[in-house]
Engineer: 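A single structure is presented below for examination.
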Amino acid sequence: MAEKGFSYRVTALDGIPLVKAGDDVPGTILAALAAHDLMLQDGDVLVVTSKIISKAQGRTVNLTDVEPGTDALHYAGITGKDPRLVELVLRESRIVSRASKGVLVTEHRLGFVSANAGIDQSNAEDGDSRVLLLPLDPDGTAESIRGRMKAETGADIGVILSDS
């Protein structure tokens with residue numbers, strides 16, 4: 001049951017450039033907010049795609065630099081996936097939950113279950129040979145962004161890192 005007087009509004013923030021390793025994501029967000037004359041207010045929630053955090057953290061891997069191990073070759077045979085990609089999935093995972101043709105489900109090192117350990121080829125430049133791993137510490141990164149926004153704007157906000 002909705003609380004009386006409760007509402008929400010979603011605003012997409014234009015003007016975020018392609019993020020590269022080492023970029024200052026909070027600074028980029030602050031610049032885009034200023035460019036659109038938008039101000040954060042207490043209680044706002046900033047949703048940031050995990051992909052730009054991964055890019056800023058340099059979590060891009062070139063598959064040509066990956067040497068698949070025995071386990072990766074085994075699971076690649078079952079799934080039909082690139083053994084180098086499977087090697088990265090295994091490195092990012094605690095356990096394999098399911099492996100079948102076209103499917104590799106794992107428990108990620110962060111504790112959640114997902115396909116391919118959340119590794120993304122679609123949002124990495126040169127997507128055929130490069131992949132994007134999830135951020136190292138999403139909770140810590142969200143807290144860091146939250147602190148920076150509070151310091152720069154005075155607004156006490158929430159920050160969510162979300163898969164796009």
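Predicted, not measured: the structure shown is a model, and the values here were computed from it. As a basis for the values below, the full set of heavy atoms in this structure was taken, side chains included, without hydrogen atoms, waters or symmetry mates.
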Engineer: Could you go step by step and tell me if Val103 and Arg98 meet the side-chain contact (heavy atoms from CB on, under 4.5 Å) rule?
Structural biologist: CA-CA 7 Å; Val103 177; Arg98 180 172 177 227; 4.0 Å; yes

Engineer: Please step through side-chain contact (heavy atoms from CB on, under 4.5 Å) for the pair Arg84 and Val131, ending with a clear verdict.
Structural biologist: CA-CA 10 Å; Arg84 301 167 303 171; Val131 297; over 6 Å; no

Engineer: Is Val19 linked to Ile29 within one hydrophobic cluster, defined over Ile, Leu, Val, Met, Phe, Trp and Tyr using a side-chain heavy-atom separation of less than 4.5 Å?
Structural biologist: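 Yes; tracing contacts between hydrophobic side chains, which count when under 4.5 Å, links both residues.
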
Engineer: Would you call Arg148-Asp24 a salt bridge at under 4.0 Å N-O?
Structural biologist: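 Yes.
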
Engineer: Are Leu30 and Leu46 co-members of a hydrophobic cluster defined by side-chain heavy atoms under 4.5 Å apart?
Structural biologist: yes

Engineer: With clusters defined by side-chain heavy atoms of hydrophobic residues (ILVMFWY) lying less than 4.5 Å apart, directly or transitively, does Ile157 cluster with Ile52?
Structural biologist: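 Shared cluster, yes.
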
Engineer: To the nearest 0.5 Å, how far apart are NZ in Lys55 and CG in Leu132?
Structural biologist: 6.5 Å

Engineer: One pair to check against side-chain contact (heavy atoms from CB on, under 4.5 Å): Ser162 and Val48. What are the steps and the verdict?
Structural biologist: CA-CA 6 Å; Ser162 176; Val48 180; over 6 Å; no

Engineer: Distance-only, no hydrogens or angles: does the Arg59 side chain make a donor-acceptor pair with backbone N or O of Ile53 under 3.5 Å?
Structural biologist: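 Side chain of Arg59 to backbone of Ile53, a donor-acceptor pair under 3.5 Å: no, none is there.
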
Engineer: On a heavy-atom basis, which atom in Ala32 and which in Ile16 lie closest, and how many Å separate them?
Structural biologist: CB-CD1, 3.7 Å

Engineer: Walk me through whether Val86 and Leu104 qualify under side-chain contact (heavy atoms from CB on, under 4.5 Å).
Structural biologist: CA-CA 8 Å; Val86 174; Leu104 185 57; 4.0 Å; yes

Engineer: Let me know which of Thr60, Thr64, Leu63 forms a side chain to side chain contact (heavy atoms under 4.5 Å, CB included) with Arg130.
Structural biologist: Thr60

Engineer: Using modelled atom types and a 3.5 Å cut-off, is there a donor and acceptor pairing between side-chain atoms of Asp42 and backbone atoms of Asp156?
Structural biologist: yes

Engineer: Taking Ser144 for its side chain and Gly140 for its backbone only, find out whether a donor-acceptor pair lies under 3.5 Å.
Structural biologist: no

Engineer: Indicate if Leu110 and Val159 have the same hydrophobic cluster label, given that clusters are the connected sets of ILVMFWY residues with side-chain heavy-atom separations under 4.5 angstrom.
Structural biologist: no

Engineer: Would Phe112 and Leu133 show up in the same hydrophobic cluster when neighbours are defined by side-chain heavy atoms closer than 4.5 Å?
Structural biologist: no

Engineer: Quick check for you: to the nearest 0.5 Å, what is the distance between Leu161 atom CG and Ile145 atom CD1?
Structural biologist: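 So the CG of Leu161 and the CD1 of Ile145 are separated by 5.5 Å.
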
Engineer: Can you tell me if His108 uses its side chain to pair, donor with acceptor, with the backbone of Gly118 under 3.5 Å?
Structural biologist: no

Engineer: Could you report the tightest heavy-atom contact between Ala56 and Val25, atom names first, then the distance?
Structural biologist: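 Residues Ala56 and Val25, closest heavy atoms: CB-CG2, 3.6 Å.
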
Engineer: In terms of side-chain heavy atoms, does Gln41 have a donor or acceptor partner in Thr153 at a distance below 3.5 Å?
Structural biologist: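 Judged by distance alone, the side chains do not pair up.
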
